[in-house]
Number of protein chains: 2
Amino acid sequence: MPESSNSPPKSNSKKMRRQEAEALILSAAEKVFSEAGFGGATMQLIADVAGLPKANLHYYFPTKESLYRQVVQKIFLDWLKAADVFDHADGPAEGIGAYIDAKMEISRRHPEGSKVWASEVMHGAPVIQDYLETTLKEWTDGRIAVIERWIAEGRMDAIDPRHLLYMLWATTQHYADFGHQIATLNGSTELTDAQWQEAKENIKRIISRGIGARD
Amino acid sequence: MPESSNSPPKSNSKKMRRQEAEALILSAAEKVFSEAGFGGATMQLIADVAGLPKANLHYYFPTKESLYRQVVQKIFLDWLKAADVFDHADGPAEGIGAYIDAKMEISRRHPEGSKVWASEVMHGAPVIQDYLETTLKEWTDGRIAVIERWIAEGRMDAIDPRHLLYMLWATTQHYADFGHQIATLNGSTELTDAQWQEAKENIKRIISRGIGARD
DNA sequence: TCTGAACTTGACCATACGGTCAGGATGATC
DNA sequence: GATCATCCTGACCGTATGGTCAAGTTCAGA
């Protein structure tokens, strides 16, 4: 219901509402942080991308770090939400397949978020360590229980659920985080619709057969 | 033959040889760049880690960017070299298995390098774009040819070689790049020898079965 | 012992950065 | 149209950064 409009943020009208301004800044910040990293990003550049004076950013977000924290939190929540498909499935091929589709769609539509997350974790998660230890751990444990149930029911081979999850994350996020490398190897062209489809099918096929899924 | 010594770089003796000093600086730089990213790293911190005055770094490496470039180049060459195991194999299970072992060993022993590479690519490869377009492309094309031969010989299913390679890179490098997240989910403990072994076995098993390898 | 090239370094500089602030603009409410 | 909380912003500040430099130090070879 409170969905923000998708129109280009070109509005020159003064007096934005708080929610609107924060969304605009967060969007610009996500792009800049993903392109330059936390250390390489500057408040001035984020302001330029958002089309606002730098001082205005500090009105909504007191510090660079607080802005960054909110960017990462937003990404994490979107990412967790999209993972629910895992549960509404009967067996591993269906559940994991749907999860791969969902995560590949995120990699395609929101690669910036994936890159910011990767950068944050690679640098030791200084800002979202607590999320890793609480929310992510709980989510992971829940999914591990589902996979163990599938194994117990003979619906797939006895694969270590942890390493399977890491493989799913790694493979799907790779298409966002290393999208530039993939595009370069693709003749310096972004993947087409068909190539994204191929990628998804390949991943689903290899993993589904690899774990001996038999829903 | 011209292998540098493995002794701790604590030497206080003056007048290092050029090779020795450069190796010391490159090692410190790799660590700092991997922890902070290019933008977040400072020459002062690299100097502190190397145990040298900052001005000395600029004697060997004129600019921060030139130092960074050499760090990335060194990583890339090590990484390519370790990939030769791919060719000296009879079939996919053996070749890909050996490649997974080699890359996992790199992820375990030199996670810093993997992180620097990931960071560079994620930010659009501003420094090593030419490597992607030439050396990496050639290496990739060579490996694709090998995989296509295996497929033609009926030694594995008809999987798109590109996406298979991306999956191998993604999965193995994930253990370096996201090592902090993995350790956190592992009860805030680094993976043990046995857990690394499990990880390798899981990956090899899933992919080997997933592509229908029959050496 | 002398020479000179290679190396080392403390002090310094210009710039760019994150962040502050005072004062102005806006618009909903009465 | 007066009030006032919210929002906006140009100008400014202290600091930290990448990089420079000139004055040293070291040591192999003559």
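Every chain is numbered from 1 and lettered A, B, ... according to where its sequence line falls, protein lines coming before strand lines.
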Which of dG18(D), dG10(C), dC21(C) is nearest the side chain of Ala55(B)? It is dG10(C)
Any Arg18(A) side-chain nitrogen or oxygen under 4.0 Å from OP1 or OP2 of dT6(D): no
Nucleotide dT17(D), atom P - distance to NE2 of His58(B) in whole Å: 13 Å
Min side-chain heavy-atom separation Tyr131(A)-Gln73(A) under 4.5 Å: yes
Ile25(A) atom CD1 is separated from dC8(D) atom P, nearest whole Å, by 8 Å
Got a donor-acceptor contact below 3.5 angstrom from the Ser34(A) side chain to the Lys31(A) backbone? yes
In whole Å, what is the span from the CG atom of Leu52(B) to the P atom of dG10(C)? 11 Å
Could you state the CD-P distance from Glu20(A) to dT6(D), rounded to the nearest angstrom? 18 Å
Nearest to side-chain heavy atoms of Lys54(A), which nucleotide of dG18(D), dG19(C), dT9(D): dG19(C)
Return the value, rounded to whole Å, for the distance between atom CE of Met43(A) and atom P of dA11(D). 20 Å
Polar side-chain contact Lys64(B)-dG19(D) base: donor and acceptor under 3.5 Å: no
d(CZ, Phe61(A); P, dG18(C)) in whole Å: 15 Å
A quick test of your reading: do over 12 heavy atoms of other residues, nucleotides or ligands sit less than 6.0 Å from NZ of Lys137(A)? yes
Would you kindly give the CG-to-P distance between Asn56(A) and dG24(C), to the nearest whole Å? 18 Å
Working to the nearest 0.5 Å, report the span between NZ of Lys115(B) and CD of Glu30(B). 11.0 Å
Spell out, as yes or no, whether a donor-acceptor pair under 3.5 Å connects the side chain of Ser208(B) to the backbone of Arg205(B). no
Which part of the nucleic acid, if any, lies within contact of Ala47(B), taking any heavy atom under 4.0 Å across all strands shown: a base, the sugar-phosphate backbone alone, or nothing? nothing
When the distance from CG of Leu67(B) to P of dT17(D) is rounded to whole Å, what number comes out? 16 Å
Can you see if the side chain of Tyr59(B) gets near the phosphate of dT8(C) - specifically, an N or O under 4.0 Å from OP1 or OP2? no
When you check the phosphate oxygens OP1 and OP2 of dT8(C), does a side-chain N or O of Tyr60(B) lie under 4.0 Å from one of them? yes
Nearest of dG19(D), dT9(D), dG10(C) to any side-chain atom of Pro53(B)? dG10(C)
